[in-house]
Amino acid sequence: MVPAGEITLTDAYPECIVTLDRFAGEQRNTDLLVLGTVGPQKLAISIEAKADEPFGDQLVGEYYDRRRTVPGSNLPARIDALSRAIFNADLNPKIRSLRYQLLHATAAALIAAQQHDADVAIFLVHEFISDRLNLAKVACNKVDWQALVAALVDDPGIQAPADRAIGPVRVAGGEHVPSDIPLYLGKIQTPLR
């Protein structure tokens, strides 16, 4: 359950770039970062907007294996660091099966919260629904989101329905990823006419 209190939203930053680590290369592009308060606590909401496009084309394990053989690639080291910071584990089958976009978006939600002195972080997927969407892709996104939530709360049976936040989740922390900010995971759906 998200902390109780009146929610006041104060600032919003579209296409917010969050630096994940010390490595050069592409960083996290958060679709929308919203700041505010919930009761007396500062709040940072990192929003990933989706229709029927996937959470990236890459599973963590496949991406890691492909880039491991590329000279000068920082991606394997980034994935190793994110795995330890979020799951306190080296790359394992559970982490390998997650979507890479969801892994780095989770880290970025916590990093952005720390950068804005927030007490609470929320990683929110805002899914737009329409009869014109590819329902198989929407179903795949649901499975991918469910896998992330199950991995983060270490409960393969947990349900992650829309319009409900799950948490708080605590992570191990790492170079840039804080361990002391509670993370909530949520998904909302907006029908398009």
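G56 and R99 make their closest contact through O-NH1, 3.4 Å (heavy atoms, listed as atom of the first residue, atom of the second, distance). When all heavy atoms of I181 and A121 are compared, the closest pair comes out as CG2-N, 3.8 Å. L185 and L183 get closest at one heavy-atom pair: CD2-CD2, 4.1 Å. The two residues F23 and A77 come nearest to each other via the heavy atoms CZ-CB, 3.5 Å. Of all heavy-atom pairs between L133 and A51, the closest is CD2-CB, 3.9 Å. Across all non-hydrogen atoms, the minimal contact from H126 to I47 is CB-CG2, 3.9 Å.
For H176, there are no ring-ring contact (aromatic ring centres under 6.0 Å, His included) partners at least two apart in sequence or on another chain. For D52, there are no salt bridge (Lys or Arg N to Asp or Glu O under 4.0 Å) partners two or more places apart in sequence or in a different chain.
Ion pairing between R78 and D21 holds under the 4.0 Å rule for side-chain N and carboxylate O. One finds no salt bridge joining K187 and E48 here, because no Lys/Arg side-chain nitrogen approaches an Asp/Glu carboxylate oxygen to under 4.0 Å. For D144 and K137, the salt-bridge test fails: no basic side-chain N is under 4.0 Å from an acidic carboxylate O. In this structure, D65 pairs ionically with R96, as a charged nitrogen and a carboxylate oxygen lie closer than 4.0 Å.
Within the 3.5 Å criterion, the main-chain N or O of L32 finds no donor-acceptor partner in the side chain of T30. The closest donor-acceptor contact from the side chain of D119 to the backbone of Q41 lies at 3.5 Å or more, if one exists at all. Proximity of a side-chain donor or acceptor of Q27 to a complementary backbone N or O of L20 within less than 3.5 Å is detected.
For the atom pair NZ (K42) and OG1 (T8), the distance works out to 13.5 Å, reported to the nearest 0.5 Å. Rounded to the nearest 0.5 Å, atoms CG (L148) and CD1 (I95) are 11.0 Å apart. Distance CG/L43 to OG1/T37: 7.5 Å, rounded to 0.5 Å. Here CG of L103 is found 9.0 Å from CG of L152. Values are rounded to the nearest 0.5 Å. Atom CG of N88 is separated from atom CZ of R170 by 14.5 Å, given to the nearest 0.5 angstrom. Summarising the geometry, atom CG belonging to N92 is positioned 8.5 Å from atom OG belonging to S97; distances are rounded to the nearest 0.5 Å.
With a 4.5 Å cut-off on side-chain heavy atoms, W145 and V125 count as touching. Taking 4.5 Å as the limit, every side-chain heavy atom of L98 sits out of range of all side-chain heavy atoms of F55. Looking only at side-chain heavy atoms (C-beta outward), F87 and V171 stay at 4.5 Å or farther from each other. Inter-residue side-chain proximity for R67 and N74 is flagged as unmet; no heavy-atom pair is nearer than 4.5 Å. At least one side-chain heavy atom of L124 sits less than 4.5 Å from a side-chain heavy atom of I188. Counting heavy atoms from C-beta outward, D57 and Y63 have side chains that stay 4.5 Å or more apart. Proximity of V177 to I111: side-chain heavy atoms (C-beta onward) are separated by under 4.5 Å at one or more points.
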(request) Could you check R28 against T19 for side chain to side chain contact (heavy atoms under 4.5 Å, CB included), going step by step and ending with a plain yes or no? (result) CA-CA 6 Å; R28 169 71 183 151; T19 301; over 6 Å; no
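With V149 as the fixed residue, the side chain to side chain contact (heavy atoms under 4.5 Å, CB included) test singles out one of V169, I158, D155, L102: I158.
Atom NZ of K94 has more than 12 neighbouring heavy atoms from other residues, nucleotides or ligands inside a 6.0 Å radius.
One side chain, E15 or N29, offers a donor N or O that lies under 3.5 Å from an acceptor on the other.
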